[in-house]
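Encoded as C-alpha cells, the structure appears first; notes follow it.
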Amino acid sequence: MARRYDCNDATDRTTGLREAASAVRRGELVVLPTDTVYGIGADAFSAEGVGDLLEAKGRGRNMPSPVLIGSPNTLHGLVTDFSEQAWELVDAFWPGALTLVAKHQPSLQWDLGDTRGTVAIRMPLHPVAIELLTEVGPMAVSSANLTGHPAPEDCDAAQEMLGDSISVYLDGGPTPGIVPSSIVDVTGKVPVLLRAGALSAEELRKVVPDLEVAN
C-alpha cells in the first residue's frame with residue numbers, strides 16, 4: 001500500500017523524507033516533486049529498482065532513465081571527460097532545468113537502460129528533491145507518468161497513474177511549471193542542444209557561445 005506525505009507540513013515532510021529514503025535504500029520506488037514536473041525515482045545503483053521504474057512507466061530499456069543528484073560535487077564520481085564548458089554550464093544553471101548528457105565513469109556498477117556509455121544528469125531546483133538526493137545519493141528519476149500520458153504537475157495526477165507501484169509519494173503541491181528541462185550533450189568538443197526546454201539556445205549561448213543545435 002502506497003504511503004503519501006504532505007511536504008508542506010513540517011512534521012509530515014520530515015516523516016515522508018525519512019520513509020522515502022528508507023524505501024529508496026530498499027530498492028523501492030518513490031514519487032517526488034521537482035522544479036519541472038513530478039518524478040518517479042529509484043536508487044540509481046539498484047538495477048532491480050531501475051527495472052521496476054521502467055516497468056511502472058511502461059517504458060523500454062531503449063529509453064534509459066536520467067539521473068538526479070543533490071550537489072554538483074557528486075559529478076566527480078559519476079562522469080568522465082567533463083569539459084570546461086560543461087562545468088561552466090553547471091556553474092551557470094544548476095540547480096535548475098538543465099540536463100547534461102555526459103560520459104559516465106566506466107567503472108560504475110549501475111544499469112539505467114541502454115545508455116551506450118552516457119548518462120543524462122541534472123540537479124533539480126526543488127528543496128524536497130535536493131533533501132532526498134542529499135540523503136540517498138544519485139537517483140534514477142523520470143517523469144512520474146505512464147509513457148504516452150502527460151507528465152504530472154501535482155501528486156494527485158502521479159498517484160492516479162502509478163498507484164501502488166510506488167511505495168512513497170512526497171506531495172510538494174503543484175510544480176512551478178510543465179516546461180521540461182533543456183538537454184545539452186557535452187560528450188563532444190562542442191556542446192549540442194538536443195532539446196530546448198526551460199532554457200533557450202540564446203540563454204545557453206551566453207555561457208557557451210559555440211553551442212550547436214541538433215537537427
- Task: Please tell me if the side chains of Leu78 and Gln105 come closer than 4.5 Å, counting only heavy atoms from C-beta onward.
- Result: no
- Query: Do Ile69 and Pro138 have side chains that get closer than 4.5 Å, going by heavy atoms?
  - Reply: yes
- Under the side chain to side chain contact (heavy atoms under 4.5 Å, CB included) criterion, do Asp111 and Phe45 qualify, and how do the steps go? CA-CA 7 Å; Asp111 182 3; Phe45 296 98; over 6 Å; no
- Val213 side chain near Arg205 side chain, heavy-atom distance below 4.5 Å: yes
- Could you tell me whether a side-chain N or O of Arg59 sits under 3.5 Å from a main-chain N or O of Met63, the two making a donor and an acceptor? yes
- Start with the C-alpha gap between Phe82 and Val90, add the side-chain angles, then the distance that decides, and say whether side chain to side chain contact (heavy atoms under 4.5 Å, CB included) holds. CA-CA 11 Å; Phe82 207 65; Val90 167; 4.0 Å; yes
- Message: Just by distance, no angles: are the side chains of Ser167 and Arg3 close enough, under 3.5 Å, to form a donor-acceptor pair?
- Response: no
- Message: Any heavy-atom pair between the side chains of Met139 and Val136 that's under 4.5 Å?
- Response: yes
- Note on the structure: Rounded to the nearest 0.5 Å, the OH atom of Tyr169 sits from the CD atom of Glu19 at a distance of 15.5 Å
- Query: Would you say the side-chain atoms of Thr15 pair up with the backbone N or O of Asp12, donor to acceptor, closer than 3.5 Å?
  - Reply: no
- Asp210 and Gln85: side-chain donor and acceptor closer than 3.5 Å? yes
- Task: Please confirm whether the backbone N or O of Asn73 pairs with a side-chain atom of Ser71, one donor and one acceptor, at under 3.5 Å?
- Result: yes
- Message: Less than 4.5 Å apart, side chain to side chain, heavy atoms only: is that true for Val50 and Trp110?
- Response: no
- For Asn145, does its backbone N or O pair with a side-chain atom of Lys57 as donor and acceptor, under 3.5 Å? yes
- Task: Dump the intermediate steps for salt bridge (charged side-chain N to carboxylate O under 4.0 Å, His left out) on Arg122 and Asp35, then the final yes or no.
- Result: CA-CA 11 Å; Arg122 183 168 89 86; Asp35 49 341; 3.0 Å; yes
- Query: Can you name the closest pair of heavy atoms from Trp94 and Ile121 and give their distance?
  - Reply: CZ2-O, 3.4 Å
- Query: In this structure, are over 12 heavy atoms from other groups packed under 6.0 Å from Glu160 atom CD?
  - Reply: no
- Query: Taking 4.0 angstrom as the limit, do Asp156 and Arg4 come out as a salt bridge?
  - Reply: yes
- Task: Mind listing the closest non-hydrogen atom pair of Val37 and Thr34 along with its distance?
- Result: O-OG1, 2.6 Å
- Message: We want to know whether Ser142 and Ser65 form a side-chain donor-acceptor pair, criterion being a heavy-atom distance below 3.5 angstrom.
- Response: no
- Interatomic distance, CG@Leu17 vs OG1@Thr134, rounded to 0.5 Å, equals 10.0 Å
- Query: Are Arg25 and Glu135 within salt-bridge range, i.e. N to O under 4.0 Å?
  - Reply: yes
- For the atom pair OG (Ser143) and NE2 (His149), what is the distance rounded to the nearest 0.5 Å? 12.0 Å
- Can you see which heavy atom on Gly58 is nearest to which on Thr147, and at what distance? O-OG1, 3.5 Å
- Message: In the structure I gave you, are the side-chain heavy atoms of Thr11 and Thr14 within less than 4.5 Å of one another anywhere?
- Response: no
- Passes side chain to side chain contact (heavy atoms under 4.5 Å, CB included), Ser181 versus Leu98? Steps please. CA-CA 5 Å; Ser181 65; Leu98 175 65; 5.9 Å; no
- Query: Can you list the steps and then say if Leu100 with Leu89 is a side chain to side chain contact (heavy atoms under 4.5 Å, CB included)?
  - Reply: CA-CA 9 Å; Leu100 297 176; Leu89 287 168; 4.0 Å; yes
- Minimal non-hydrogen separation, Val30 against Ala20, with atom names: CG1-O, 3.8 Å
- Out of curiosity, does Leu133 fall in the hydrophobic cluster containing Val119 (side-chain heavy atoms, cut-off under 4.5 Å, transitive links)? no
- If you round to the nearest 0.5 Å, how far is CD of Glu88 from CG of Leu204? 12.5 Å
- Message: Would you say that Thr99 contacts Val184 through its side chain, given a criterion of any heavy-atom pair below 4.5 Å between the two side chains?
- Response: no
- Message: Is the shortest side-chain heavy-atom distance between Asp154 and Thr175 below 4.5 Å?
- Response: no
- Message: If you compare all heavy atoms of Thr118 against all heavy atoms of His104, which two are closest, and at what distance to 0.1 Å?
- Response: O-CD2, 3.5 Å
- Item | Main-chain N/O of Ala42 paired to Ser46 side chain as donor or acceptor, under 3.5 Å | no
- Scanning both residues in full, the closest heavy-atom pair of Glu153 with Tyr38 reads O-CE1, 3.6 Å
- Query: Any donor-acceptor pair under 3.5 Å linking the side chain of Ser182 with the backbone of Gly197?
  - Reply: yes
